[in-house]
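Below, read A as the first sequence line, B as the second, and so on, with proteins coming before strands; counting in each chain starts at 1.
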Amino acid sequence: MSSETASKPFAQSPLNRRALTLPVLLALLALTGIAGLGYGAMSIPPERVIAVLAHSVGLSHNGGFSEQEAAVILHIRLPRLILGMLVGAALAVAGAAMQGLFRNPLADPGLIGVSAGAALGAVAVIVLGVPPTLGSHTSTLLIPLAAFVGGAIATVVVYRLASLGGRTLVATMLLAGIAVNAIAGAGTGVLVYLADDAELRSVTFWNMGSLGGATGSSVLLIAPLILAPVLLLTRYARVLNAFLLGESEAGHLGVDIERSKRRIVALTALAVGAAVALTGIIGFVGLVVPHLLRMMIGPDHRLLLPASALLGACLLPAADIAARTLVAPAELPIGIVTALAGGPFFLWLLLRNRQHGGSF
Amino acid sequence: MLSAQRVSVRTAGRHLLREVSLSVRPGEFVAVLGPNGAGKSTLLKTLVGEQKPTHGQVSMHGRRLQNWHPRERARLRAVLPQELTLRFAFTALEVVLMGRMPHIDGVETAHDYRIARDALGAVDALALSQRLFPTLSGGERQRVQLARVLAQIWEPTPLGERFLLLDEPTAALDPAHQHATLHLARELTRQNVGVLAVLHDLNLAAQYADRVALLKDGAIHTQGDVYQALTAAAINAVFDIHVEVLEHPTINKPLVIYSPRGRQDDHRAA
């Protein structure tokens, strides 16, 4: 076979599909944004959503919308939408990175202990309360901070345990993650046992996740903490590809293995820690999004990581629309929506995968 | 030259290697043989810098291995692992393109694609290029991996002569592909590539290698050209089997045959 005929299939469907992936996802993201800003207790049609946005950035000066609509969109829904996009992107990219690092398509960002550690930190503040000297109003700030610190500590513990003896063993990291998750879970359990009814309710809702805490200032504060690690993680795409061949092989291909592992874990913990700190635990996004994309565009992280960021940024606001509208005027915790949609979908993936011979 | 000087590796109180000195010169094919657990893989890992020696040192072109930048090191030496599990659905061509990683920063160019396809052609696997790696048979995977490491050192580099290290490259292959693989390695030595292969088949080593090192209990028992190393006495001492070493009928190489008579003598003695 000549090299021309061999190259032909590559130039056809898979490549086109790959070239179209990011534009399609960007369009989907724009649609999600307009829908997220329009849906809710007060329904606002797309053209007026666009008019409000155009006016707010100075692109147009004619109205076509009411003051109230502008206020709802810009002050209530926009922070929530952006938080949803940021958190969705963070969880999905973190999931893709962990699945690559562990060479296991079932890995989840929670594996390195960051979510369980964050939960322990948050629950500790909810149950034990804020020191009286700080005043009660600081709890809105202290809960995310404690969650972030808890997640960071848990990740460092997992990483140190896996690095005893100089080399970081990924398999040990997986097991240490399970152990640290269990210990943090037990700590959370003790605190829950001590909690009174009101605290119990807060803890429960934190563990089911919510974008309700979004305000303009909290989103501005968290945005760089999420965007920086997400963008930096995409720079490790080729390293993650090499890791899929195996750690030794990545080393033979010139990857500085220890440094890469350390940075990928640190960036993942930062992204997930920042995301979880503001929203609580939101499951399945990190597991399902990279998985779904891998089936459509293949496992190359150079496309998989940015595509995961975009699809995650679409899915979480979409889940939030469902959370806000399904039982309106009440609101479902978003973690319930992602688990309800993600769980069955994931089972379907598993069964489908068995029929297709077990490759990812 | 890639050389280990008096290298010892000790883990958990056990000597995996003791005082091993072995070198591969550019343009030379060195075969490492020995029974299971003799330390062949440990030696290969030490030579490529994956295993740090407890004593002794390994150097490439006179520079200690740890003083090379990992990426530069990867531009002039490639390693074929014994087996590789890749469950993610890369195509064979994508797997081979990964071999170009030490040479490029962003996306592969047409030049890298050409090298990848040439490498696939060299291992008789061009027809597999669009197949998904996890769906390939064991032998096909092995050949695609070989193409990947060939693509890694396909062209001469200004950094120095290149080295190719193969850990049991023929294990999963049928006889035709076993010979094709070693023939290919032999061809590379003509481009002044230094090749080291861990082999199990004494006759493949006899046919293709310039030099043979017999490893036993972590130490080199015999080292030399094929006639010096592959003697009946050395093979008996290292592998605990009785063989006759004859002259190959058509090529000027030794031919090792298993000798049942020796075995019967053993039984009688017992």
Side-chain angles (χ1 to χ4, degrees), chain A residues 1-15 18 96 99-100 103-106 165-167 235 237-260 290-291 294-304 353 356-360, chain B residues 11 45 48-52 68-75 77-91 93-95 97-108 110 113-114 116-118 120-121 126-136 145 148-149 152 165 167:
Chain A
M1 193 189 281
S2 76
S3 59
E4 277 84 352
T5 50
S7 68
K8 237 180 182 173
F10 195 78
Q12 283 162 6
S13 66
L15 191 64
R18 286 174 207 200
Q99 291 168 8
R103 306 177 66 198
N104 187 336
L106 302 184
R167 279 186 66 196
R235 292 180 54 188
R238 301 179 72 226
V239 170
L240 285 166
N241 282 351
F243 268 124
L244 290 186
L245 293 175
E247 242 176 80
S248 309
E249 281 61 48
H252 298 154
L253 284 169
V255 174
D256 187 337
I257 314 175
E258 287 302 320
R259 199 169 77 173
S260 301
H291 222 93
R294 230 181 255 116
M295 282 168 38
M296 297 192 292
I297 59 173
D300 188 338
H301 288 92
R302 285 176 291 185
L303 186 55
L304 183 66
N353 187 261
H356 286 69
S359 78
F360 300 92
Chain B
T11 48
K45 281 186 181 142
V48 299
E50 194 184 337
Q51 168 78 55
K52 283 204 181 83
W68 282 86
H69 189 279
R71 220 177 129 158
E72 291 194 337
R73 201 160 70 185
R75 283 185 196 159
R77 72 100 181 81
V79 187
L80 181 75
Q82 226 173 81
E83 58 174 339
L84 185 141
T85 42
L86 172 63
R87 293 197 297 160
F88 290 79
F90 285 102
T91 63
L93 183 66
E94 286 175 316
V95 170
L97 279 169
M98 285 190 206
R100 300 301 298 160
M101 189 173 167
H103 302 275
I104 51 175
D105 278 313
V107 184
E108 295 88 356
Y113 274 90
R114 199 175 316 123
R117 279 193 292 266
D118 287 349
L120 273 170
L126 195 54
L128 305 177
S129 62
Q130 293 312 311
R131 292 269 304 277
L132 296 180
F133 188 84
T135 67
L136 300 177
Q145 288 303 333
R148 174 175 68 82
V149 297
Q152 189 180 339
L165 294 98
D167 197 355

For residues [X] and [Y], report the shortest heavy-atom separation together with the two atoms involved.
X        : Y        : answer
B:Pro102 : A:Leu253 : CG-O, 3.5 Å
B:Phe90  : A:Asn241 : CZ-OD1, 3.8 Å
A:Val255 : B:Met101 : CG2-CE, 3.5 Å

Open item on the list: Is A:Arg302 close to chain B through its backbone or its side chain, or both, or neither, when contacts mean heavy atoms under 4.5 Å?
Closed with: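 Only the side chain of A:Arg302 comes within 4.5 Å of chain B.
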Task: Structural part of A:Gln99 lying under 4.5 Å from a heavy atom of chain B - done: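 For A:Gln99, the contact with chain B is made by the backbone alone.
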Between [options], which shows the greatest number of heavy-atom pairs under 4.5 Å with chain A?
options                              : result
B:Ala78, B:Gly49, B:Ala74            : B:Ala74
B:Arg114, B:Arg77, B:Arg100          : B:Arg77
B:Val48, B:Val107, B:Asp105, B:Val95 : B:Asp105
B:Leu80, B:Leu86, B:Val79            : B:Val79

Should [X] and [Y] count as side-chain neighbours, where that means a heavy-atom distance under 4.5 Å?
X        : Y        : result
A:Glu249 : B:Met98  : no
B:Leu165 : A:His252 : no
A:Asp256 : B:His69  : no

Open item on the list: For A:Arg259, I'd like to know if atom CZ has over 12 heavy atoms of other residues, nucleotides or ligands within 6.0 Å.
Closed with: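 Result for CZ/A:Arg259: open.
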Open item on the list: Whether the side chain of A:Arg103 engages the backbone of B:Thr85 through a donor-acceptor N/O pair (distance < 3.5 Å, no angle test) should be reported.
Closed with: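 Side chain of A:Arg103 to backbone of B:Thr85: a pair is present.
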Open item on the list: If we ignore hydrogens and angles and just use 3.5 Å, is the side chain of B:Glu94 paired with the main-chain N or O of A:Gly298 as donor and acceptor?
Closed with: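 No, B:Glu94 side chain to A:Gly298 backbone: no donor-acceptor pair under 3.5 Å.
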Nearest 0.5 Å please: distance from the [atom1] atom of [X] over to the [atom2] atom of [Y].
X        : Y        : atom1 : atom2 : value
A:Leu245 : B:Arg148 : CG    : CZ    : 5.0 Å
A:Leu244 : B:Phe133 : CG    : CZ    : 12.0 Å
A:Arg238 : B:Ile104 : CZ    : CD1   : 4.5 Å

